[in-house]
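A note on names: the letters A, B, ... follow the listed sequences, proteins ahead of strands, and every chain is numbered from 1. Computed from a predicted structure; not experimentally measured.
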Amino acid sequence: MARYYLTCAIDYANGEPHAGHAFEKVGADVIARYRRSLGDDVRFAIGMDEHGQGIAEEAARRGSDPQAFVDEMANVWGGVWRRLGISNDDFIRTTEARHSRAVVAIIERMREAGDLYTDRYAGYYCVRCERFRKENELADGRCPLHPKREITWTEEENYFFRLSRYRDPLLQHLETHPEFVQPASRRNEILRLLEGGLDDISASRSRLPWGIPFPGAQDHTVYVWMDALTNYLSTTGFPEDGYEDWWPAHLHVIGKDITRFHCVIWPAMLLSAGVELPRTVWAHGFVSVAGGKISKDAGSELNLDELNDRHGKDAFRFFLMREAPWDGDRNFSSAAELLERFDRRYNAELANDLGNLVSRTAAMVHKYREGRALPGGETVLDEARVSSLRAYHDRMEAFLLHEGIEAILGLVRRANAFVDHEEPWKLAKEGESAADRLDSALGALVRCLRSVAAMLGPFMPDKAAELWQRMGGSEGPPTYAEAAAAPVAAGLQAGEAASAATPIDVRKGPSLFPRYDPDP
RNA sequence: GGCAGGGUAGCUCAGCCUGGUAGAGCAAGGGACUCAUAAGCCCUAGGUCGCGGGUUCAAAUCCCGCCCCUGCCA
């Protein structure tokens, strides 16, 4: 069984999660579930970044002890992810002992490699960015990203990491591994950044107690980004034996705003420490409202739990993946527009197209064949089904999740047209003479819905499982193998997909996606 | 300021690489049907393809300039 380790960026524990965070978690979860549906042994890790001055200050502001504060935040965030159906196998927190052990280990390896040295640093320090800014980087004497914060002149003796030394190796790695940074637009940005040269960066902070003590200099703490990045390694058990069962990671899912940390600093740290590099860093775009990240402004109208409850969590997951491209951005002009599109998509695509297809199929199988769909012969719908499976598989392997959904919906539309074209109700009236044709049509529809369930599983786990079971599937999530989709996944001939079908007992049930009628 | 991507039907976008009748989905209007969640199916879009030049028999599609938006870096 192939192993597959993927991660999300860990979240900074100084505030509440919003729809933008959900976009990343759901996308990564879709990939995790997709890999599982293919039979991979998946490890999916998410977590919290709990160190740094920003946390210490927020805790103080709330009159709380930092540890108590991050404990509370971990509960809040973890709860949200549970309600969204995020199937993470681990939840790493940077205040855990297993994490600081890994951080200390990697720092020590970097030191042994001769990549750490001490120097005096002076500059303006932005607490929110957790980084120094040069004078010419300031706007009106403040950090351009956080203009509301005072920025303070700071001088300190720091440890530095010889990042500059890794410019050429990194460039070479990106050249020889084009899949390392994706999508390609992000890779180009990193290439250009590297071509411009790299400065060494500080690896420690003094007078900042809320962090991991720097090995060999207990009055310093490890630079928060180096601390945070190492989480990907610490969930594998690094540096203990056996961590290589999961490392290198196949995929780091991150936001496009932190590519430099994941595509430059992190791999440089790993190169320095003599640890293998992750295979791919995927930088997704943002879901935004009125041009800004979804946050406090839109937050009142776009509360995550309310969005989750509006049409059910699976519908919300579907909406996020359907509406926003996984390789780009999606801006809504207002919170109202977002909700309107959510409602429309829900009614048009889930209730009308898919939900109705499920009920009309189940109803016909019961009305004309007492609930049992016979295999019948292959139809044009089987051809459409196989090509959808192919397209879906292609798109999902390329991490184009929104296009994967499109492949599913295309098949659903096709199936509805197929019903109207075949007119099974007429075939039923014709009796014996049309019996074969009726069986073929109903069989094709049931096979189609089984494949839809398999493809939909990563996006809408509960609804897909329900659909799967109604269409004669066994307990548990649908898989490629069982959904007559295995030949496609395995690259075999298309025709074999349908021939595996045997009589299928179909169950009727309440509407899978009841139409939403907003205050008639 | 440098680099990258983008500006196409009311909305969200595809097409542009490999020039030659402008497409899809949603929303809207009409029709035939009845298995179904009054859902589905079929028909209906006359949009200066950001602006101005150029190349060509022919440009949304290639070249040049400009305007606007977004991102990365300064």
Side-chain angles (χ1 to χ4, degrees), chain A residues 133-139 144-145 181 183-199 255-261 263-264 283-288 290-293 311 319 322-325 327-334 336-338 340-369 371 373 400 402-403 405-410 412-429 438 441-442 445-446 449 506 508-517 520:
Chain A
R133 291 200 166 272
K134 296 170 192 161
E135 193 135 16
N136 62 5
E137 287 182 309
L138 302 181
L145 266 48
V181 180
S185 55
R186 300 299 154 202
R187 174 169 176 269
N188 291 339
E189 286 173 4
I190 296 299
L191 282 172
R192 267 177 273 119
L193 188 148
L194 289 172
E195 283 159 6
L198 294 176
D199 294 330
K256 65 180 183 179
D257 56 336
I258 50 178
T259 50
R260 55 188 296 118
F261 297 103
C263 306
V264 177
H284 65 169
F286 295 123
V287 174
S288 60
K293 276 197 204 179
H311 307 299
F319 173 67
R322 169 68 171 145
E323 192 75 25
D327 62 344
D329 299 317
R330 176 67 170 94
N331 178 52
F332 296 92
S333 57
S334 65
E337 189 207 0
L338 185 151
E340 191 187 321
R341 294 198 66 97
F342 187 11
D343 295 345
R344 277 189 190 174
R345 288 241 187 250
Y346 176 79
N347 270 346
E349 297 178 335
L350 294 182
N352 296 351
D353 288 347
L354 176 56
N356 185 49
L357 175 65
V358 172
S359 28
R360 70 199 303 209
T361 299
M364 289 188 288
V365 171
H366 274 264
K367 204 160 186 169
Y368 308 138
R369 286 294 182 267
L400 298 174
H402 54 297
E403 293 184 10
I405 282 196
E406 180 62 44
I408 303 171
L409 293 177
V412 169
R413 281 193 289 268
R414 191 63 200 279
N416 273 317
F418 175 79
V419 173
D420 284 82
H421 182 263
E422 291 297 304
E423 302 181 302
W425 47 95
K426 285 189 182 169
L427 299 176
K429 282 180 191 160
L438 181 56
L442 296 181
L445 282 167
V446 172
L449 284 175
V506 173
K508 292 207 278 191
S511 292
L512 212 49
F513 302 101
R515 258 188 83 83
Y516 171 68
D517 197 0

With rounding to whole Å, what would you report as the distance between [N] and [M] at their [atom1] atoms?
| N | M | atom1 | result |
| --- | --- | --- | --- |
| B:A74 | B:A4 | C1' | 15 Å |
| B:G7 | B:U61 | C1' | 15 Å |
| B:U8 | B:A14 | P | 10 Å |
| B:C13 | B:C49 | C1' | 13 Å |
| B:C41 | B:A36 | C1' | 12 Å |
| B:C35 | B:G29 | P | 26 Å |
| B:G52 | B:A59 | P | 15 Å |
| B:G1 | B:G46 | P | 42 Å |

Contact class for A:A417 (heavy atom, under 4.0 Å): base, sugar-phosphate, or nothing? sugar-phosphate
Select base, sugar-phosphate, or nothing to describe what A:L512 touches, counting heavy atoms under 4.0 Å on all strands.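 Here A:L512 touches the bases of the nucleic acid.
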To check you understand the geometry: which heavy-atom pair defines the closest contact between A:D257 and A:F286, and what is its length?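 The pair with the smallest heavy-atom distance is OD1-CZ, 3.3 Å.
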For a quick test of reading the model, state the closest non-hydrogen atom pair linking A:V419 to A:P424 and the distance between them.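 Shortest heavy-atom separation between A:V419 and A:P424 comes out as O-CD, 3.4 Å.
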In whole angstrom, give the distance that lies between atom [atom1] of [X] and atom [atom2] of [N].
| X | N | atom1 | atom2 | answer |
| --- | --- | --- | --- | --- |
| A:L191 | B:C3 | CG | P | 16 Å |
| A:I258 | B:C72 | CD1 | P | 12 Å |
| A:F513 | B:U37 | CZ | P | 16 Å |
| A:R186 | B:C3 | CZ | P | 18 Å |
| A:L193 | B:C72 | CG | P | 12 Å |
| A:L198 | B:C73 | CG | P | 13 Å |
| A:H421 | B:C42 | NE2 | P | 10 Å |
| A:N416 | B:A36 | CG | P | 14 Å |

Mind checking side-chain hydrogen bond (donor to acceptor under 3.5 Å, both in side chains) for [X] and listing every partner two or more places apart, or none if nothing turns up?
| X | result |
| --- | --- |
| A:N352 | A:R515 |
| A:R187 | none |
| A:H311 | A:D343 |

I'd like to check the salt bridge (charged side-chain N to carboxylate O under 4.0 Å, His left out) partners of A:E422; sequence neighbours left out, ordered by chain and number. A:R437
Of all residues at least two apart in sequence or in a different chain, which pass the salt bridge (charged side-chain N to carboxylate O under 4.0 Å, His left out) check with A:E423?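 Salt bridge (charged side-chain N to carboxylate O under 4.0 Å, His left out) check on A:E423 returns A:K426.
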Which residue lies toward the 5' end of RNA chain B, A:R192 or A:E337, if each is placed at its nearest nucleotide?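 It is A:R192, whose closest nucleotide lies nearer the 5' terminus.
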Mapping A:R414 and A:A351 onto RNA chain B by nearest heavy atom, which one lands closer to the 5' end?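 Taking each residue's closest nucleotide, the earlier one in sequence belongs to A:A351.
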Below 3.5 Å, can you tabulate the donor-acceptor pairs from side chains in residues 189-196 of chain A to any protein atom, sequence neighbours excluded?
unit_1	atom_1	unit_2	atom_2	d
A:E189	OE1	A:R186	NH1	3.1
A:E189	OE2	A:R186	NH1	3.0

Reading nucleotides 24-35 of chain B 5' to 3', which nucleotides get B (base under 4.0 Å from a protein heavy atom), which S (sugar-phosphate only), which -? --SS-----SSB
Note: A:R344-A:E337 ion pair, threshold 4.0 Å (strictly below):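 Not counted as a salt bridge, because no side-chain N and carboxylate O are separated by less than 4.0 Å.
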Base-pair map of RNA chain B as dot-bracket, where | denotes pairing with a different strand and pairs are Watson-Crick or G-U under 3.5 Å: (((((((..((((......[..)))).((((.........)))).....(((((..]....)))))))))))).
Checking A:R414 now: which residues fulfil side-chain contact (heavy atoms from CB on, under 4.5 Å) with it, not counting sequence neighbours?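 Expected list: A:V380, A:L381, A:A384.
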